[in-house]
2 protein chains.
Amino acid sequence: MFSNGCEYGIRALTIIGRASKEDRKVGIKEICRLAKTPESFTAKIMQNLVRRGILDSQKGPAGGFYISKDLDSITLYDIVEAIDGTGVFVSCGLGLAHCDASRPCPLHDKFASVRQELKAMCKSNTLNDLLSGLHDQVYKR
Amino acid sequence: MFSNGCEYGIRALTIIGRASKEDRKVGIKEICRLAKTPESFTAKIMQNLVRRGILDSQKGPAGGFYISKDLDSITLYDIVEAIDGTGVFVSCGLGLAHCDASRPCPLHDKFASVRQELKAMCKSNTLNDLLSGLHDQVYKR
DNA sequence: AGAATAAAAGACCTTTTAGTCTTATATTTG
DNA sequence: CAAATATAAGACTAAAAGGTCTTTTATTCT
Ligand code: FES
Ligand code: FES
């Protein structure tokens, strides 16, 4: 559904979000230890999210990643869009160049409705919402 | 959502299904011309589906692919499972090794419900259902 | 039987995704 | 300022997905 990078990104953001609630910055090592994600790859994803303004970072000692925005203002949709783009929310289920309701593929009606559910779910869930389901054991394997 | 191969497979099956209703076999060339899919790649997918019993084929002149089963007995779920496996229907949205409701990831409740919708949609739509939405222009670019 | 036809099989190539590693740059602290 | 620390950037490698091509095998038709 989502790419590996996107899944890692979401998991990492929950770790950073939780720390940010306590006004703590988190280094990439700690993020990846807790989120169980590969370090260099996750770092790259974080840097992309910083560039896109979802995340903030500070270099140097006592630096790390943090979130300055309201955790309720960052939706799952925003995160997925930033990492994977909007494809999963708009593409035709049978791979036609454009999903076009006026020229629907045989699956369009049924598929578009599921896709719409996914989109609504991602739009209505914020990073803050995810934090309530985040316990220390969650990403342990 | 689905792999390229899976999208091609579904499209190809609609072409074959329609022909099978008229007791016609279809060669790979015609299938791909109508479904707008790459020929060799689609052939490989079709052969996989034949092995899995979803599809039948006959070699030699006047041969081709056809479906001997009831078109209402082949669900979209069957097709997706045969090509992509069950991952999309069961995997954790945040990429954890197992989606486990007793140890849910922060997205579990919301994600599992969308995933369930997708699964239900695929289980309840048969190849025959898809045929009603298949017109000659559908897969034209 | 022989020629033609069409799928089957699998080796092969290309592109994208996933992931690592090294070097540079910014920031803090002594 | 110097040393230590942490992110930034980008080159690089590995694996998976996507796709092609050639050879073989089965079937039909003359
Ligand atoms: S045209 Fe295929 S999902 Fe809309
Ligand atoms: S545990 Fe993540 S979706 Fe179920």
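Throughout, a chain's letter reflects where its sequence line sits, starting with A, and its residues are numbered from 1. Every heavy atom of this structure was used, including side-chain atoms; hydrogens, water molecules and symmetry mates were not.
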**OP:** Output the single nucleotide from dA7(C), dT27(C), dT20(C) whose closest atom is nearest the side chain of Q58(A).
**Re:** dT27(C)

Subject >> Given dA9(C), dG19(C), dA7(C), the nucleotide with the shortest approach to the side chain of Y8(A) >> reply: dG19(C)

Subject >> Phosphate OP1/OP2 of dA8(D) contacted by R51(A) side-chain N/O (<4.0 Å) >> reply: no

**OP:** Taking D78(A) for its side chain and T75(A) for its backbone only, find out whether a donor-acceptor pair lies under 3.5 Å.
**Re:** yes

Original post:
Using 4.0 Å as the upper bound for N to carboxylate O, is an ion pair formed by D136(B) and R18(B)?
Top reply: yes

**OP:** From the options dA18(C), dA7(C), dT5(C), select the nucleotide whose nearest atom is closest to the side chain of P61(B).
**Re:** dT5(C)

Original post:
With nearest nucleotides of DNA chain C determined for P38(A) and V26(B) from heavy-atom distances, which residue corresponds to the more 5′ nucleotide?
Top reply: V26(B)

Subject >> Backbone of S68(A) reached by a side-chain donor or acceptor of D56(A) within 3.5 Å >> reply: yes

**OP:** Give one of base, sugar-phosphate or nothing for S40(B), where a contact means two heavy atoms less than 4.0 Å apart.
**Re:** base

**OP:** Using heavy atoms to find the nearest nucleotide of DNA chain C for S3(A) and G63(B) separately, return the residue whose nucleotide is more 5′.
**Re:** G63(B)

Subject >> Atom-pair distance (CD1 on I45(B); C1' on dT20(D)), nearest Å >> reply: 13 Å

Original post:
Can any side-chain N or O of D129(A) pair as donor or acceptor with the backbone N or O of T126(A) at less than 3.5 Å?
Top reply: yes

Original post:
From the list dT20(D), dT28(C), dT25(C), which nucleotide is the closest neighbour of the side chain of K59(A)?
Top reply: dT25(C)

**OP:** Among the candidates dT7(D), dG19(D), dA18(C), find the nucleotide nearest to the side-chain atoms of N4(B).
**Re:** dG19(D)

**OP:** Just call it for K29(A): base, sugar-phosphate, or nothing, with non-hydrogen atoms closer than 4.0 Å on any strand.
**Re:** nothing

Subject >> Heavy-atom donor-acceptor pair, S20(B) side chain to I67(B) backbone, under 3.5 Å >> reply: yes

Original post:
Do the side-chain N or O atoms of S57(B) get closer than 4.0 angstrom to the phosphate oxygens (OP1, OP2) of dA8(C)?
Top reply: yes

Original post:
Taking atom P of dA9(D) as reference, at what distance in whole Å does atom CD1 of I28(A) sit?
Top reply: 14 Å

Original post:
Is there a donor on the side chain of K44(A) or the base of dG10(D) sitting less than 3.5 Å from an acceptor on the other?
Top reply: no

Original post:
Among dT27(D), dG19(D), dA9(D), which nucleotide sits nearest the side chain of Q47(A)?
Top reply: dA9(D)

